[in-house]
Asker: 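Below you'll find the structure I mean.
Since the structure is predicted, the reported quantities are computational estimates derived from the model, not experimental observations. Residue numbers begin at 1 in each chain, while the letters A, B, ... track the order of the sequences.
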Number of protein chains: 2
Amino acid sequence: MDSYIERINSFIKNLDKETLLALSNISSERKFKKGDLLLSENEICRKSYLILHGIARKYYLNDGKEVTTELYFENDLAVSFESYTLQQSSKEYIEALTDITVSITFYEAFQEAKIKYPKLLALDLMFAEYYGMWLENRLFQFHTMSATDRYLDLIKKSPHIVQFVPLTIIASYLGISLETLSRIRAKI
Amino acid sequence: MDSYIERINSFIKNLDKETLLALSNISSERKFKKGDLLLSENEICRKSYLILHGIARKYYLNDGKEVTTELYFENDLAVSFESYTLQQSSKEYIEALTDITVSITFYEAFQEAKIKYPKLLALDLMFAEYYGMWLENRLFQFHTMSATDRYLDLIKKSPHIVQFVPLTIIASYLGISLETLSRIRAKI
DNA sequence: ATTTTTATTTGACATAAGTCAAATTTCTTG
DNA sequence: CAAGAAATTTGACTTATGTCAAATAAAAAT
């Protein structure tokens, strides 16, 4: 399933010139500073953010408490999926955890481009499929793995994470309390 | 987000005749009996099953124990997403929980049709988007809700479920033990 | 209908993880 | 570098849920 990213990348690389140009014409680069919000609750997610450099996260508030749903690293695509797809107001925030550089693509422009360039439609489908598989895997972890195993899996896949992301955020990403995470780490 | 199904259905309804014909040409109806497996572990999921009538489920084995990942009712689309998308061998089973009637569409034929009829590509994207939103919602439940609340939510959305689906399966779908589910039900 | 099998409930106890408070460590910032 | 703020750890205790075994209840088969 990880190989799917490579398939997506090679698909992009092999796009014809017009399609590539169309894509780059509707994208632009921008920087954000640590702590900046790329998206807030109640806003409509009208842009997708491809992380070029740095770390970001997505979270929502559940009775006042932040619940982190995704961590973004280089080459990840950050959007609030439901808000972006339905163009409805978002329940989620997207926040820069470090200074970041992103490539922004507007929803509206991408929608139009997809009509003119069906390969972009195919690309969009690949992104959605990848996200679906990622979600299935994450669901599997919540469905069947203990907090300890979820943590171990996380640091196996992203060993560097602990240096850059505060434990509060990691705990909430794992769906456990900060104290439990601290105890898990103490045991290992 | 539930309204998205209506949007998909009206999208299908409004498809041009050729596209609709192409779609119906690669689909066929079939019946299965209660207990039949539509897909087994280690098979490649080469078909999608639109449930026309009856109930089915998807599950995998986790050290010998069945973990139900999805329950399918009328108009739901049953596939093992990762196996279908990557055309790799499946970790999941799909099983008829009652006698069912389904509309089968072959992966290969649908892939070809998508090239010729970009609207089918758009339709496929909508299916993937819907599944993504469904998964996000399910993840939200595991991430933040208690077993009791997950159960209450389930019977709110599918009140009939308890009459047709054994509690063992419901418990595994909710990610709790059969005994815990029994106690939750006793309290309410 | 009676038996056998399967599904569900109940009891007693074990374990994972949460909560609240306090202590300690680490990071910021003047 | 010192002082204050923020992040992390630790302790004591609570709560949710799991496990194993046994008891019922319901369904299927003879």
Side-chain angles (χ1 to χ4, degrees), chain A residues 33-36 55 57 59 61-68 71 95-99 138-155 158-188, chain B residues 33-36 55 57 59 61-68 71 95-99 138-155 158-188:
Chain A
K33 275 192 277 185
K34 177 175 174 172
D36 283 354
I55 305 178
R57 69 158 172 154
Y59 69 94
L61 296 178
N62 195 245
D63 10 86
K65 274 189 202 152
E66 297 181 358
V67 179
T68 299
L71 295 165
E95 177 194 25
L97 292 178
T98 62
D99 290 0
R138 194 156 150 72
L139 207 36
F140 165 75
Q141 302 210 0
F142 276 97
H143 210 151
T144 57
M145 288 164 63
S146 69
T148 302
D149 290 345
R150 293 205 298 279
Y151 174 71
L152 290 174
D153 195 78
L154 179 65
I155 54 169
S158 313
H160 46 297
I161 207 177
V162 190
Q163 286 142 281
F164 300 112
V165 181
L167 294 184
T168 312
I169 289 176
I170 294 177
S172 113
Y173 180 69
L174 294 172
I176 60 181
S177 72
L178 173 62
E179 295 91 331
T180 295
L181 177 57
S182 180
R183 289 185 177 110
I184 287 171
R185 286 161 54 77
K187 263 190 293 177
I188 295 165
Chain B
K33 275 192 277 185
K34 178 175 174 173
D36 283 353
I55 304 179
R57 68 158 173 156
Y59 68 94
L61 296 178
N62 194 245
D63 9 85
K65 273 189 204 154
E66 297 182 358
V67 179
T68 299
L71 296 165
E95 178 194 25
L97 291 179
T98 62
D99 290 0
R138 194 155 150 74
L139 206 36
F140 165 76
Q141 302 208 1
F142 277 97
H143 209 152
T144 57
M145 287 164 64
S146 68
T148 303
D149 289 346
R150 292 204 297 279
Y151 174 71
L152 289 175
D153 196 78
L154 179 65
I155 54 169
S158 312
H160 46 296
I161 207 177
V162 190
Q163 286 142 280
F164 301 111
V165 181
L167 294 185
T168 313
I169 289 177
I170 294 177
S172 113
Y173 179 70
L174 294 172
I176 60 181
S177 71
L178 174 61
E179 294 91 332
T180 296
L181 177 57
S182 180
R183 288 182 179 113
I184 287 170
R185 286 162 52 78
K187 262 190 297 178
I188 295 164

Asker: Once rounded to the nearest 0.5 Å, what's the spacing between atom CZ of Phe164(A) and atom NZ of Lys34(A)?
Answerer: 10.5 Å
Asker: Identify whether NZ of Lys or CZ of Arg in Arg138(A) sits under 6.0 Å from the centre of the six-membered ring of Phe142(B) and within 45° of that ring's axis.
Answerer: no
Asker: Compare side-chain N and O positions of Thr148(A) against OP1 and OP2 of dA16(C) and report whether any pair is under 4.0 Å apart.
Answerer: no
Asker: Are any of Thr180(A)'s side-chain N or O atoms less than 4.0 Å away from OP1 or OP2 of dA17(C)?
Answerer: no
Asker: Specify the closest pair of heavy atoms between Thr168(A) and Leu178(A), including all atoms of both residues, with the distance to one decimal.
Answerer: N-CD1, 3.8 Å
Asker: Taking for each residue the nucleotide of DNA chain C with the nearest heavy atom, is it Thr168(B) or Arg150(A) whose nucleotide lies nearer the 5' end?
Answerer: Thr168(B)
Asker: From dT8(D), dT19(D), dT10(C), pick the nucleotide closest to the side chain of Pro166(A)?
Answerer: dT8(D)
Asker: Between the two ends of the helix from dA1(C)-dT30(D) to dG30(C)-dC1(D), what is the bend in degrees, rounded to 10 degrees, where each end axis spans five pairs?
Answerer: 50°
Asker: Give me, pair by pair, the N or O atoms of the protein and of nucleotides 28-30 of chain C that are less than 3.5 Å apart, along with how far apart they are.
Answerer:
none

Asker: So which nucleotide from dT10(C), dT9(D), dT9(C) ends up closest to the side chain of Leu167(A)?
Answerer: dT9(D)
Asker: Would you check if Ile55(B) and Ile161(B) make a side-chain contact, meaning some heavy-atom pair closer than 4.5 Å?
Answerer: no
Asker: Between N or O atoms, less than 3.5 Å apart, protein on one side and nucleotides 11-16 of chain D on the other: list the pairs.
Answerer:
{"unit_1": "dG11(D)", "atom_1": "N7", "unit_2": "Arg183(A)", "atom_2": "NH2", "d": "2.5"}
{"unit_1": "dG11(D)", "atom_1": "O6", "unit_2": "Arg183(A)", "atom_2": "NH2", "d": "2.9"}
{"unit_1": "dA12(D)", "atom_1": "N6", "unit_2": "Arg183(A)", "atom_2": "NH2", "d": "3.4"}

Asker: Mind checking Leu181(A) for me? I need base, sugar-phosphate or nothing, with any heavy atom below 4.0 Å counting as a touch.
Answerer: nothing
Asker: Taking all heavy atoms of Val165(A) and all of Ile170(A), pick out the closest pair and write down the distance.
Answerer: O-CD1, 3.6 Å
Asker: Within this structure, what is the CE-CG distance for the pair Met145(B) and Leu174(B), rounded to the nearest 0.5 Å?
Answerer: 9.5 Å
